[in-house]
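Labels below follow one simple rule: chain letters A, B, ... track the order of the sequence lines, proteins then strands, and each chain is numbered from 1.
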Amino acid sequence: MAVHNADIAAVFQEIADLLALQDANPFRIRAYVNAARTIEGWPEELDLWVRRGHELEDIPGIGADLAGKIREILDTGGCAALQRLRRGFPAGITDLLRVPGLGPKRVRTLYRELHVETPEQLLRAARDGRIRELPGFGATSEKRILEAASAYVGREQRMPLAKAAAYAEALLAWLRGARGVRDAVIAGSYRRMRETVGDIDVLVSARHGGPVAERFVAYDEVDRVLAKGGTRASVVLKSGLQVDLRVVAPESYGAALVYFTGSKAHNIELRRMAQQRGLKINEYGVFRDGERIAGDTEASVYRTLELDWVPPELREDRGEIEAARRHALPELVELDDLRGDLHAHTTATDGRGTLEEMAAAARAAGLEYLAVTEHSKRVSMAHGLDAARLGKQIDAIDRLNDTLRGITLLKGIEVDILEDGALDLPDKVLARLDLVVGAVHSAFHLSRKQQTERILRAMDRPCFSILAHPTGRLLSEREPYDVDMERIVRHARQRGCFLELNAHPERLDLLDTHCRMARDEGVLVAVSSDAHAPADFGVLRYGIGQARRGWLEKGDVLNTRALRDLRKLLAGTMRG
DNA sequence: GCCGTTTTCGGCCCGACTGTTTTCAGTCG
């Protein structure tokens, strides 16, 4: 069985958790946590990375010891050090560390004194009033733990960005009405456009924090207040979303924005650099010998480190700091750069807008062309098109294009890639189209090798333009299927076809690291809405966010091309 | 456990809030 980076990261995270419960050296614990994070975000499977002759020790934060453990995990699937650590604790106790308000010290006390091993047992202990008797705990702590444990037991995962954005942006508008607010933004993973957010960080620039915090906790969607001070407050909204507020003075706003935008790894790197220069960076500014030398804007903070301003989407400590130092940051693609959309459905299959309505909505969204790409017959529950119905739609689009102004419809299909890699419609039918978008909607369980080769075979058909949602994941429902994305990216370059970044908030597929692979390999990415209704073109915003996280520039995105140029590129994929 | 053009030893990011303290530990971001 193949070992994935996520598996290795999970081993290191669990080792870190167990070491923390043992009260081990905190820096040793951090080394495991850092390694887990680095490996989780590594753009290539370490299995392959090693087989291609790379040295694990070249990965930052991986030394001789961790490299040895990675090799062990790759070879055996297990890790003896983890097995040894596990013997000291009941299985699953590390889940308790995920309960907000509990850290290693308190988990250890709860286990030693009350034999609490699971969140469910924690909940019972809190309900029975046993926790308040423990040293270092009290009635208030017990009540908090009770709330946190019940929330954890019935918890929701991280919330998709688009859903969180709706709640957060409404709150932000409310907060801007507070007295003395000069500026207010949502920082954190929202600003970095991560695909999901755990909570929302709101940053406000104001001389006095009090009135802002008052208005914050008075928001009518607040379910409960977790904390409230003069510069900081936390609430949980009725939607379950936690929101943290920080208020800083205008001269500190830029430093605070850097600090609360993160990522944590990016910030740690900035501080390390600052330290080397005898500077100190915190959320209030950049200081030399106690004197503030920067901090009112983000650019001023980066400037003290001789760095260019780094767009938030890049702040993941994946090479952006080095690029900022060399003045070599990418000029990231923007929403306005999109000239068209290459994946949409209509009422002919499972969409909720007619051809005319979808065309009008796309034009209203500022697009110049829209590819209509219905499902093919295999997807029967969406009334997928057969050859005859596709023929009728082709004729309908030709007729409509004669009357449309300001937008051009392209004739396409989202054709199913069958289990053996064949396409769901004959080549000569596909050859009538402007583009063919191929997609996997079945047999998700295939082995990595089978799944990969299935897709490569499909790409090699005479008509194949774009691989839709390449990993098949659905954020709240379905893991990605097992596929070798490097082979797919390389094959796309050799074949001359393209990859889709599906902007649907539940998909956002390609992943950011895959975008970067595509860019490095010179494969163009189509940022597509997969719109099923006229209002759906709004999701392109999230697709662009993900593309930016993947370092894509305007030139790396297929549908920034003018229609003429796009047609030429698509024609090259339609050899049938 | 990692790391190094001040270092192979001795550092490792840092401040706010809370509860239970009576000067601070634990947790969080």
Side-chain angles (χ1 to χ4, degrees), chain A residues 12 15-16 19-39 56-70 81 85 96-110 131-145 147-148 187-190 192 197-203 209 213 225-235 242-248 252 255-256 258-287 305 317:
Chain A
F12 286 173
I15 289 178
L19 286 173
L21 289 173
Q22 280 192 345
D23 205 15
N25 176 348
F27 299 106
R28 186 171 166 224
I29 296 166
R30 188 187 295 169
Y32 279 102
V33 172
N34 288 343
R37 200 186 52 216
T38 301
I39 293 166
L56 288 167
E57 284 88 343
D58 290 342
I59 299 173
I62 304 297
D65 184 276
L66 292 184
K69 288 196 171 73
I70 294 172
L85 279 168
L96 288 174
L97 293 170
R98 306 281 99 81
V99 177
L102 291 192
K105 300 285 182 345
R106 296 180 126 192
V107 168
R108 202 148 50 115
T109 305
L110 288 163
I131 291 177
R132 69 181 73 181
E133 310 296 336
L134 295 174
F137 294 78
T140 312
S141 292
E142 183 178 76
K143 182 165 167 284
R144 296 253 160 137
I145 288 171
E147 288 170 1
S189 43
Y190 169 98
R192 303 201 312 279
V197 300
D199 56 23
I200 290 288
D201 300 292
V202 178
L203 180 67
V225 178
L226 300 177
K228 177 168 161 290
T231 63
R232 175 172 195 164
S234 291
V235 300
Q242 181 172 327
V243 186
D244 299 325
L245 168 75
R246 281 297 293 255
V247 185
V248 297
S252 295
V258 170
Y259 188 93
F260 292 108
T261 297
S263 66
K264 198 166 184 168
H266 178 87
N267 287 350
I268 287 173
E269 191 52 36
L270 292 184
R271 288 199 196 174
R272 220 193 307 273
M273 289 181 69
Q275 226 179 19
Q276 283 168 2
R277 289 153 196 261
L279 304 175
K280 188 176 78 167
I281 297 185
N282 58 27
E283 59 265 57
Y284 300 110
V286 183
F287 298 86
L305 303 175
D317 193 22

Between the protein and nucleotides 19-21 of chain B, are there any N/O to N/O pairs under 3.5 Å, and if so, what are the atom names and distances?
residue, atom, partner, partner atom, Å
B:dG19, OP1, A:R144, NH2, 3.2
B:dG19, O3', A:S141, OG, 3.2
B:dT20, OP1, A:G138, N, 2.4
B:dT20, OP1, A:G138, O, 3.4
B:dT20, OP1, A:S141, OG, 3.4

Hey, what are the protein-to-nucleotides 3-7 of chain B N/O distances that come in under 3.5 Å?
residue, atom, partner, partner atom, Å
B:dC3, OP1, A:G61, N, 2.8

How would you list, by chain and number, every residue that makes a ring-ring contact (aromatic ring centres under 6.0 Å, His included) with A:F12, sequence neighbours excluded?
-> A:Y32
Send over the distance from A:N282 CG to B:dG15 P, rounded to a whole Å.
-> 6 Å
Looking for any heavy atom pair under 4.0 Å, which part of the strands does A:T231 touch: base, sugar-phosphate only, or nothing?
-> sugar-phosphate
Contacts of type side-chain contact (heavy atoms from CB on, under 4.5 Å), residue A:K105, not counting sequence neighbours = A:D23, A:R108
For A:R144 and A:L226, indicate whether the former's side chain and the latter's backbone hold a donor-acceptor pair under 3.5 Å.
-> yes
With P as the reference atom in both, quote the distance from B:dT20 to B:dC28 in angstrom, rounded to an integer.
-> 16 Å
Quick one: list whatever passes side-chain contact (heavy atoms from CB on, under 4.5 Å) with A:P100, sequence neighbours left out.
-> A:A148
Who pairs with A:R192 by salt bridge (charged side-chain N to carboxylate O under 4.0 Å, His left out), at least two apart in sequence or on another chain?
-> A:E316
List for me each residue that meets side-chain contact (heavy atoms from CB on, under 4.5 Å) alongside A:E133, sequence neighbours excluded, and say none if there are none.
-> none
Across all chains, not counting sequence neighbours, the salt bridge (charged side-chain N to carboxylate O under 4.0 Å, His left out) partners of A:D65 are A:K69
Round to a whole Å and report the spacing from CD of A:E269 to C1' of B:dC2.
-> 13 Å
Write down the distance between NZ (A:K228) and P (B:dA16), rounded to a whole number of angstrom.
-> 18 Å
Establish, yes or no, whether the cationic atom of A:R106 lies under 6.0 Å from the six-membered ring centre of A:F137 and within 45° of the ring axis.
-> yes
Contact class for A:L102 (heavy atom, under 4.0 Å): base, sugar-phosphate, or nothing?
-> sugar-phosphate
Restricting to nitrogen or oxygen on both sides, can you table the protein-nucleotides 10-13 of chain B pairs closer than 3.5 Å?
residue, atom, partner, partner atom, Å
B:dC13, OP1, A:R30, NH1, 2.0
B:dC13, OP1, A:R30, NH2, 3.4
B:dC13, O2, A:R271, NH1, 2.2

Under the rule syn = chi within 90° of 0, otherwise anti, which is B:dT22?
-> anti
Round to a whole Å and report the spacing from CZ of A:R246 to P of B:dG15.
-> 11 Å
For A:V33, which residues count as a side-chain contact (heavy atoms from CB on, under 4.5 Å) partner, sequence neighbours excluded?
-> A:Q13, A:A16, A:I29
Please set out all donor-acceptor pairs under 3.5 angstrom arising from side-chain atoms of residues 268-277 of chain A, sequence neighbours excluded.
residue, atom, partner, partner atom, Å
A:R271, NE, A:I281, O, 3.4
A:R277, NH1, A:E306, OE2, 2.7

Looking for any heavy atom pair under 4.0 Å, which part of the strands does A:P104 touch: base, sugar-phosphate only, or nothing?
-> sugar-phosphate
Sequence-distant partners of A:R98, salt bridge (charged side-chain N to carboxylate O under 4.0 Å, His left out), two or more places apart = A:D17
Given atom CG of A:L203 and atom P of B:dG29, what is their separation to the nearest angstrom?
-> 16 Å
Whole-Å distance, A:L56 CG to B:dC2 P, equals 12 Å
With both distances kept under 3.5 Å, what pairs with B:dT8, Watson-Crick or G-U wobble?
-> none
